[in-house]
Number of protein chains: 2
Amino acid sequence: MKTTESIDLQKASQILKLLGDKTRLTMMKLLESHDCCVCEFVAIFKMSQPAISQHLRKLRDIELVKEERRGQWIFYSINQEHGDYPLISSILHHLPDQGGSISDLEEQGLRVCCE
Amino acid sequence: MKTTESIDLQKASQILKLLGDKTRLTMMKLLESHDCCVCEFVAIFKMSQPAISQHLRKLRDIELVKEERRGQWIFYSINQEHGDYPLISSILHHLPDQGGSISDLEEQGLRVCCE
DNA sequence: TGCATATATAAGCATATAGTTATATGATAC
DNA sequence: GTATCATATAACTATATGCTTATATATGCA
């Protein structure tokens with residue numbers, strides 16, 4: 001009766017609640033195309049560092065994103081191994097591309113690059 | 001740059017916030033397969049009538065559902081004309097079928113039928 | 001008309017949420 | 001070592017949310 005793609009309603013509503021915040025939803029859309037570090041989010045959202053950090057923690061707590069330290073920065077990326085990634089991915093595909101935010105960062109010389 | 005399917009992030013997050021409640025998300029999944037009236041929801045969710053009514057109002061306010069009076073009952077259905085219906089529909093497709101709730105209602109003789 | 005049923009609304013309350021400021025941790029540079 | 005930069009956490013506060021109870025509205029029927 002239940003397909004391999006169907007998700008527990010409890011879990012699904014928890015995920016949707018987290019995505020139901022403009023800042024976090026935009027973060028996920030941005031992460032869909034590039035990993036970002038905390039200070040980039042701070043610059044993009046013009047929001048305090050603790051506020052950004054707390055949003056990221058919520059996304060991390062239910063494992064929607066992964067963190068990885070690179071030098072003094074911590075980069076976040078989408079956790080494509082999440083059991084409900086198909087749902088998350090399909091939602092993000094309906095949203096407009098946020099490449100503009102990244103371009104703006106580059107113009108301001110704020111893009112962090114660790115390669 | 002923006003495809004015909006892409007949605008304003010503000011609006012999308014508002015929709016996701018509303019769907020980020022287990023009761024409302026389950027309501028939408030139920031409505032995907034059959035219209036329901038308020039008293040059916042009350043029986044299914046074992047929740048007070050005002051609580052159900054308030055959830056439905058939120059869904060109605062952003063036009064995710066439509067209401068239609070049939071005799072003394074008011075039936076709710078999904079608004080497939082909603083501009084963001086493709087997003088909503090794709091979310092619901094990832095969720096498990098809730099037909100069992102309706103069968104339970106029928107067994108208890110609580111299913112409302114106005115045809 | 002009057003009463004029962006179905007639904008909506010209002011007011012109040014407890015909890016959740018998203019921000020703030022202050023402080024702690026951890027890595028790098030000197 | 002100490003200073004600096006990047007990030008996380010803690011404590012607090014204002015607002016939002018989801019329920020409750022009480023009441024209002026609308027339909028159907030005797």
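Order of the sequence lines sets the chain letters (A, B, ...), proteins ahead of strands, with each chain counted from 1.
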Mind checking side chain to side chain donor-acceptor pair (under 3.5 Å) for B:Gln10 and listing every partner two or more places apart, or none if nothing turns up?
-> none
Residues in side chain to side chain donor-acceptor pair (under 3.5 Å) contact with B:Glu63, at least two apart in sequence or another chain | none
Whole-Å gap separating P (C:dT20) and CD1 (A:Ile52) = 10 Å
Check ion pair A:Arg70-A:Glu68 (N to O, under 4.0 angstrom) | yes
Between D:dT9 and A:Arg57, is there an OP1 or OP2 to side-chain N/O distance shorter than 4.0 Å?
-> yes
Any protein N or O atoms within reach of nucleotides 17-19 of chain C? Criterion: under 3.5 Å, listing atom names and distances.
{"residue": "C:dA18", "atom": "OP1", "partner": "A:Asp21", "partner atom": "OD2", "Å": "3.4"}
{"residue": "C:dA18", "atom": "OP1", "partner": "A:Arg24", "partner atom": "NH2", "Å": "2.9"}
{"residue": "C:dA18", "atom": "OP2", "partner": "A:Arg24", "partner atom": "NH1", "Å": "3.2"}
{"residue": "C:dA18", "atom": "OP2", "partner": "A:Lys58", "partner atom": "NZ", "Å": "2.6"}
{"residue": "C:dG19", "atom": "OP2", "partner": "A:His55", "partner atom": "NE2", "Å": "2.2"}

Which atom pair, heavy atoms only, marks the closest approach of A:Gln14 to A:Ile62?
-> NE2-CG2, 3.4 Å
Where A:Leu64 and A:Ile88 come nearest, the two heavy atoms and their spacing | CD2-CD1, 3.3 Å
Which atom pairs link the protein and nucleotides 1-7 of chain D when you take only N or O atoms and keep those under 3.5 Å?
{"residue": "D:dT7", "atom": "OP1", "partner": "A:Val38", "partner atom": "N", "Å": "3.4"}
{"residue": "D:dT7", "atom": "OP1", "partner": "A:Ile74", "partner atom": "N", "Å": "3.1"}
{"residue": "D:dT7", "atom": "OP2", "partner": "A:Cys39", "partner atom": "N", "Å": "2.8"}

What residues, two or more places apart in sequence or in another chain, satisfy salt bridge (charged side-chain N to carboxylate O under 4.0 Å, His left out) together with B:Lys66?
-> B:Glu81
Residues 19-29 of chain A vs salt bridge (Lys or Arg N to Asp or Glu O under 4.0 Å), sequence neighbours excluded, gives A:Lys29-A:Glu32
Heavy atoms, side chains only, cut-off 4.5 Å: are A:Glu40 and A:Phe45 in contact?
-> no
